[in-house]
Amino acid sequence: MKKTVTALTLALGMLIPFTTFAKNNVVVVATGGTIAGAGASSTNSATYTAAKVPVDALLNAVPQIQNLANVTGVQAMQVASESITDKELLSLARQVNDLLKKPDVNGVVITHGTDTLEETAFFLNLVVHSDKPIVVVGSMRPGTALSADGPLNLYSAVALAADDSAKGKGTFVLMNDDIFSARDVTKAINIHTNAFASQWGALGSLIEGKTYWFRNTSKRHNKNSEFNIENIQGDSLPLVQIVYGSGNMLPDAYTAYAKAGAKAIIHAGTGNGSVANYIVPTLNQLQQQGVQIIRSSRVPQGFVLRNAEQPDDKYGWVVAHDLNPQKAKLLAALALTKTKDAKEIQRIFWDY
Ligand code: DGL
């Protein structure tokens with residue numbers, strides 16, 4: 001009996017080191033932004049050139065990530081994110097989708113400029129059919145700055161992408177220790193390291209390489225999405241544009257976008273997505289011409305109520321629910337790859 005127990009203990013002891021050190025494989029896909037930025041001096045935390053540092057230098061600057069996972073890098077592009085168009089967005093989504101289909105890739109991190117980071121993350125959340133972790137990460141300060149936030153953000157993003165507990169929870173944005181859902185995160189402050197926020201709160205925290213979960217997203221995403229990057233051809237989406245609401249507006253922006261080929265216009269209205277009474281006729285005319293009108297709000301929190309101050313049913317308009325104008329624009333473009341029916345588009349805005 002004693003000999004059997006000893007042999008079993010020895011065998012288990014031999015196994016533990018292998019099971020403990022079986023690291024996941026994470027690919028870092030670099031696109032540019034401030035996380036790849038460089039300033040003239042260490043005190044330039046806001047004055048710098050984005051999209052300068054290549055992916056290998058980003059990874060070499062944080063050697064500790066190799067303790068978390070087997071990490072490799074690819075340079076998908078090197079741009080400031082405000083300059084990303086449908087072409088780059090679709091190409092990136094295809095690249096991420098292809099990587100995640102590989103059995104030896106367990107998760108993907110995308111390093112990205114923070115300006116349109118939320119849009120890229122939301123798009124990946126809608127079109128990449130994988131339950132493997134997809135983590136989009138950026139930084140507010142270049143790596144050359146004192147107290148640069150990029151290295152720790154990258155370390156945390158790799159930890160999240162390597163964590164099996166992150167599977168099936170949607171696409172993430174990792175910034176400043178917070179794990180956000182790609183769906184409802186937004187860049188709320190344009191100069192501080194705690195730049196990103198969600199009115200519904202973070203999904204969890206990532207501290208010292210460990211994940212702490214507090215909630216899940218309740219909306220459709222990734223494998224449960226009716227949209228799939230593999231079914232989207234070409235390098236552009238149906239054209240959708242945004243008009244920012246304010247006092248004393250002119251209708252010209254709406255009509256000019258329609259003339260330019262917009263298939264939907266996001267009205268980033270005041271308050272509850274309100275439309276000035278002198279603008280309503282233009283929107284109704286465009287709706288009747290086949291341009292879908294979608295009411296969002298310029299107000300950062302809350303959500304647009306249907307048929308509250310505007311008779312959406314009567315006009316055939318859609319409300320963007322709690323999606324901000326820039327996310328509503330992306331969802332509208334994807335919806336228009338499937339339907340032009342206002343009721344069906346509204347259903348899509350309830351579901352995602
Ligand atoms: N040009 C901005 C961008 O690439 C810099 C902002 C940043 O990455 O933090 O999004």
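As the structure lists them, so they are numbered: ligands from 1, and atoms in each ligand from 1.
- Looking at atom 9 (O) of ligand 1, its nearest protein heavy atom turns out to be T114 OG1, 2.6 Å.
- Neither the backbone nor the side chain of A51 comes within 4.0 Å of ligand 1, counting heavy atoms alone.
- Side-chain atoms of D312 come within 3.5 Å of backbone atoms of N307 as a donor-acceptor pair (strictly under, hydrogens ignored).
- Here the OG1 atom belonging to T186 is positioned 8.5 Å from the CD atom belonging to E119, to the nearest 0.5 angstrom.
- For atom 4 (O) of ligand 1, the nearest protein heavy atom (residue, atom name, distance) is S81 N, 2.8 Å.
- For S139, the heavy-atom gap to ligand 1 drops under 4.0 angstrom.
- Contact atoms of ligand 1 toward D115: 1 (N), 2 (C), 3 (C), 6 (C), 10 (O) (distance under 4.0 Å to a heavy atom of the residue).
- The protein heavy-atom contact nearest to atom 1 (N) of ligand 1 is E82 OE1, 2.8 Å.
- For the pair H112 and ligand 1, the shortest N or O to N or O distance does not fall below 3.5 Å.
- Rounded to the nearest 0.5 angstrom, L283 CG and Y254 OH are separated by 5.5 Å.
- Checked against the 6.0 Å centroid criterion, the rings of F122 and Y352 do not qualify as a close aromatic pair.
- Residue Q233 holds its CD atom at 11.0 Å from OG1 of T337, rounded to the nearest 0.5 Å.
- With K23 contributing its side chain and N70 its backbone, the two residues share no donor-acceptor pair below 3.5 Å.
- Of all atoms in ligand 1, numbered sequentially from 1 with element shown, those under 4.0 Å from a heavy atom of T34 are 5 (C), 6 (C), 7 (C), 8 (O), 9 (O).
- Shown in contact with Y48 at under 4.0 Å from a heavy atom are these atoms of ligand 1, numbered in order with element: 5 (C), 6 (C).
- Below 4.0 Å from some heavy atom of G33 lie the following atoms of ligand 1, by number and element: 4 (O), 8 (O).
- Proximity to A80 (heavy-atom distance under 4.0 Å) selects the following atoms of ligand 1: 1 (N), 4 (O).
- We find that R306 and D313 are joined by a salt bridge, their nearest charged nitrogen and carboxylate oxygen being less than 4.0 Å apart.
- Here the straight-line distance linking atom CG of L92 with atom NZ of K87 works out to 14.0 Å at 0.5 Å rounding.
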